[in-house]
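Notes follow once the structure below has been shown.
As the structure is a computational prediction, the values presented were derived from the model and not from experiment.
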Amino acid sequence: MNHHVSIAEFDKKEFYSLGENFQGENPSGEQIAFTNYYMKVDGKPFLGISGEFHFSRCHESRWEDEIIKMKMCGINVIATYVFWIHHEEEEGIFDFEGCRNLRKFIELCGKHGIYVILRIGPFDHGEVRNGGIPDWMYGKPFEVRKLSEGFLFYVRRLYGKISEQIQGLLYKDGGPIIAAQIDNEYMHSSAPWEITTGISEEWVFGGDEGETYMLTLQEEAKKCGIITPFYTCTGWGGAITPSVMMPLWGGYAYRPWLFYGDRGEHPSTEEYVYQDFHHNGAVVTSDFKPAYEPETRPYACCEMGGGMMCTYNYRFILPYKSVDAMANIKIASGCNFLGYYVFQGGTNPLGKHGTFMNESQVPKMSYDYQAALGEFGQIRESYERLKTMHFFCRTFGETLCRMETVLPKGASFIEAKDLDTLRFAVRTDGEKGFLFINNFQDHETAKPKQNETVTIQTKDGEIVFDHLDLAGEENCILPFHMDMDGILLEKATAQPITRLERGGDITYVFLKPEGMKAAFYFEEGVQICGGNPGADGVLRCEEDQAAELFRIAKGDRVLNILCLNRDMANQMYLLKDQTLLFAHGAIMETEDGIRLESRMAANRMYSYPKDGYCGNENVVRADETDPVFDIWKADTQERELSAKVVQTAATRFTVKLPENFMDGLKDLLVQIRYQGDIGHLFINGTMVNDNFCNGDVWEFGVRTFEEELKEHPLTLAITPLRVGANVNVESAMAARMENAEAYIGELERVELCPVYEFVLR
């Protein structure tokens with residue numbers, strides 16, 4: 001199939017400063033500012049990559065490693081809710097200790113060079129009880145989220161306490177906090193009132209005072225000392241977007257809220273269809289209906305689906321390939337500030353009086369969210385795939401930010417169920433650019449693309465990408481007219497990942513998208529050394545090779561090109577000294593060294609360039625050799641652990657861990673497979689985790705419960721799934737008896753998965 005898009009009459013937009021409401025400077029002179037299209041740091045375009053991490057939903061002992069993992073994935077901004085109910089559960093008694101220690105969390109973000117966006121409420125939603133507003137606030141003689149002196153008194157007190165915690169951590173003082181979000185989804189969304197009867201039968205007030213409310217709260221935040229370079233607000237769903245705040249957008253393809261009332265079949269969504277979100281005249285699908293001219297603000301995101309929770313009526317296993325496909329769509333559609341919700345899963349803290357802090361549609365404690373980083377730090381496929389996307393953004397972001405979206409005719413109106421039409425878009429400055437292709441669609445099974453052709457018409461001629469193949473569920477970004485340090489890459493059917501430079505030796509790293517035949521087309525006069533150059537001068541990669549390295553030269557300019565398949569690219573980590581390490585697991589680099597977190601006792605790692613990495617006593621060279629990489633081994637004694645499971649009732653079990661179960665381990669994951677409705681885990685009568693059964697493995701990390709588990713076993717309770725259930729209420733004495741055709745509640749197995757850690761340097 002032949003497809004066409006023209007950039008021949010490309011008309012560059014006017015990029016201009018948004019002024020004093022969107023800028024700030026720190027004591028060292030670094031400046032943050034915004035144009036109407038992108039963020040700037042010290043005058044240069046900056047492509048922000050934000051990941052949501054709720055500190056109060058994670059044990060404080062886990063914070064630092066999870067922040068480091070996010071940084072290693074290319075995250076440069078962390079957004080976090082300050083859930084009011086987590087800090088002032090009882091009126092007048094504030095708690096900023098343990099997992100609620102806001103200051104410590106922000107300090108760790110700053111330590112690792114990550115900016116912070118604080119979402120300060122008062123309403124924060126996030127599937128927290130009452131949208132994060134304490135129960136006692138709803139007993140006051142005023143309406144919550146409506147301006148009155150009574151409401152403002154408590155908001156000022158909340159903002160004041162937050163301000164006390166973050167003194168010295170604001171950007172203006174040299175800290176990492178660059179923005180604050182005022183309220184959340186004001187006049188768009190509310191939350192179930194958890195004090196009332198039933199599930200979602202009554203909802204808290206969603207607001208009706210428009211900009212007056214938002215601007216008043218912004219001024220109160222400033223008066224309390226929460227002064228940031230810019231302030232953000234919800235952009236979607238008709239939410240209020242004052243001109244002095246940055247509207248942030250998102251996109252969810254998996255929408256449990258569709259079934260808050262009843263179960264049903266989830267529709268295929270428009271989230272994987274390319275749009276132009278920075279075009280005044282564009283007609284787009286979905287929830288993008290801004291109250292402002294789109295070209296007057298950047299298209300920036302805070303809630304792209306980095307995962308999604310299961311709710312009681314909607315349970316599914318998230319396709320992890322959906323996450324980087326979403327990033328591909330958003331970037332191509334004009335986004336210069338990515339934002340994932342959530343990136344790090346978590347567990348709600350238990351209330352002081354046994355109150356559960358999640359809203360009633362979701363598990364009482366778990367907020368794993370099937371996120372890129374799981375509730376207990378698990379590495380998901382989405383994390384691995386996002387690394388290549390984020391390295392691309394970091395390396396080429398300054399150029400990409402200045403490029404605009406160009407769509408082929410009809411691209412925005414492709415039906416979600418149309419799996420035949422090729423979905424593609426271009427970002428360009430009129431001369432060079434990137435061709436984006438997406439072959440993922442939620443709630444559908446994408447078919448492989450074969451023998452597609454995309455012709456890009458430029459003012460100087462045509463760029464033809466022909467014989468394009470792409471696997472189902474895959475996406476890619478292909479360059480054209482790319483300047484590689486003085487050598488022109490006319491086009492490539494491989495995706496740029498990053499550029500390395502060590503001692504004057506330069507390497508460009510590319511990804512071979514699944515199903516695609518990777519080839520490089522250079523300008524005339526380029527010599528190709530190694531690889532497989534054909535008679536036509538085109539460098540074609542081997543389909544069955546995990547990694548290929550070759551050199552190109554033009555005059556005195558010599559470059560390396562390293563081309564990786566998807567599996568190898570997923571293992572790749574970029575170190576500060578421009579070394580690449582490849583491993584299954586999480587590589588974490590800090591000033592103190594390099595560590596590997598892995599579920600395997602025997603690890604095989606690769607490093608590039610050769611002789612670029614030096615191991616230690618924990619890492620030794622492998623016996624075999626490779627033409628591209630040095631090969632290393634990091635091994636330890638494997639711990640074969642099993643739990644003693646005893647059935648104590650029909651659907652109740654104790655799970656006893658072996659003695660010294662944490663010896664030599666970083667963590668231990670209890671992996672549970674069961675059939676039923678809901679699973680609950682207790683230690684000595686206290687619930688520690690729960691799960692809505694969706695057919696996937698339920699994992700529970702025990703590291704932070706080590707001392708309790710030495711004394712007490714885990715108690716596992718399975719609520720059976722009731723088939724054909726009804727309640728008999730015919731008794732004259734108010735007796736109610738549930739009858740069901742069948743009860744399904746079965747524990748299939750419990751396994752223990754050790755998590756090891758290796759010091760690599």
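Note on E88 versus R157: salt bridge recorded, some NZ/NE/NH1/NH2 to OD/OE distance being below 4.0 Å. Taking the charged nitrogens against the carboxylate oxygens, R57 and E52 have no contact shorter than 4.0 Å, which rules out a salt bridge. A salt bridge links E270 and R255; the closest N-O separation between the charged side-chain nitrogens and carboxylate oxygens is under 4.0 Å. Look at R129 and E359 and you find no salt bridge, because none of the NZ, NE, NH1 or NH2 atoms lies under 4.0 Å from a carboxylate O. Using a 4.0 Å cut-off between charged nitrogen and carboxylate oxygen, D442 and K321 do not count as a salt-bridge pair.
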- request: In sequence, state the C-alpha distance, the side-chain angles, and the governing distance for Y272 and F440, and then conclude on ring-ring contact (aromatic ring centres under 6.0 Å, His included).
  value: CA-CA 7 Å; Y272 294 97; F440 180 92; 4.9 Å; yes
field: Verdict with supporting geometry, K44 and E398, salt bridge (charged side-chain N to carboxylate O under 4.0 Å, His left out)
entry: CA-CA 7 Å; K44 295 181 179 180; E398 187 173 335; 5.0 Å; no
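Without hydrogens or angle criteria, D690 side chain to S366 main chain gives a donor-acceptor distance under 3.5 Å. A donor-acceptor pair under 3.5 Å is absent between the side-chain atoms of R394 and the main chain of G74, judged by distance alone.
In this pair, F692 and Y312 present their aromatic rings perpendicular. The plane angle is above 60°, beyond the 30 to 60° band. Using bins of under 30°, 30° to 60° and over 60° for the plane-to-plane angle, the ring pair F316/Y254 lands in the parallel bin. Ring planes of Y260 and W203: parallel class, angle under 30° (limits at 30 and 60°). Using cut-offs of 30° and 60° on the angle between ring planes, the pair Y367 and Y341 is perpendicular.
For the residue pair K140/Y154, the side-chain donor-acceptor check at 3.5 Å is satisfied.
Across all their heavy atoms, P294 and F277 have their closest contact at CB-O, 3.8 Å. The two residues L170 and G225 have their closest heavy-atom pair at CD1-O, 3.2 Å.
For an aromatic pair to be called close, the ring centres must be under 6.0 Å apart, and Y38 with F15 satisfies this. Ring to ring, F105 and F53 are close: their centroids are under 6.0 angstrom apart. Between Y274 and F424, the distance from one ring center to the other does not fall under 6.0 angstrom. Aromatic pair F288/Y299: centroids less than 6.0 angstrom apart. Ring pair Y213/Y186: centre-to-centre distance below 6.0 Å.
Just one residue in the list T421, D420, L422 forms a side-chain contact (heavy atoms from CB on, under 4.5 Å) with I414, and that residue is T421. Tested against R423, the residues N328, V273, I437, N439 include a single side-chain contact (heavy atoms from CB on, under 4.5 Å) partner, V273.
For the pair R145 and F123, the distance from NZ or CZ to the six-membered ring centre is under 6.0 Å and the angle to the ring normal is within 45 degrees. The cationic atom of R380 (NZ for Lys, CZ for Arg) does not lie both less than 6.0 Å from the six-membered ring centre of Y320 and within 45° of the ring axis.
Shown here is E219, whose CD atom has more than 12 heavy atoms of other residues, nucleotides or ligands within 6.0 Å.
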Show me the side-chain donor-acceptor pairs of residues 401-409 shorter than 3.5 Å, one per line, residues at least two apart or across chains.
from: E404; atom 1: OE2; to: K13; atom 2: N; distance (Å): 2.9
from: T405; atom 1: OG1; to: A332; atom 2: O; distance (Å): 2.7
from: T405; atom 1: OG1; to: G334; atom 2: N; distance (Å): 3.2

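Between the CG atom in L318 and the CD atom in E381 there is a gap of 10.0 Å [rounded to 0.5 Å]. Rounding to the nearest 0.5 angstrom, the gap separating the NE2 atom in H87 from the CG atom in L102 is 6.0 Å.
By the ring pair (Phe, Tyr, Trp, His ring centres under 6.0 Å) test, H390 pairs with Y340, sequence neighbours left out.
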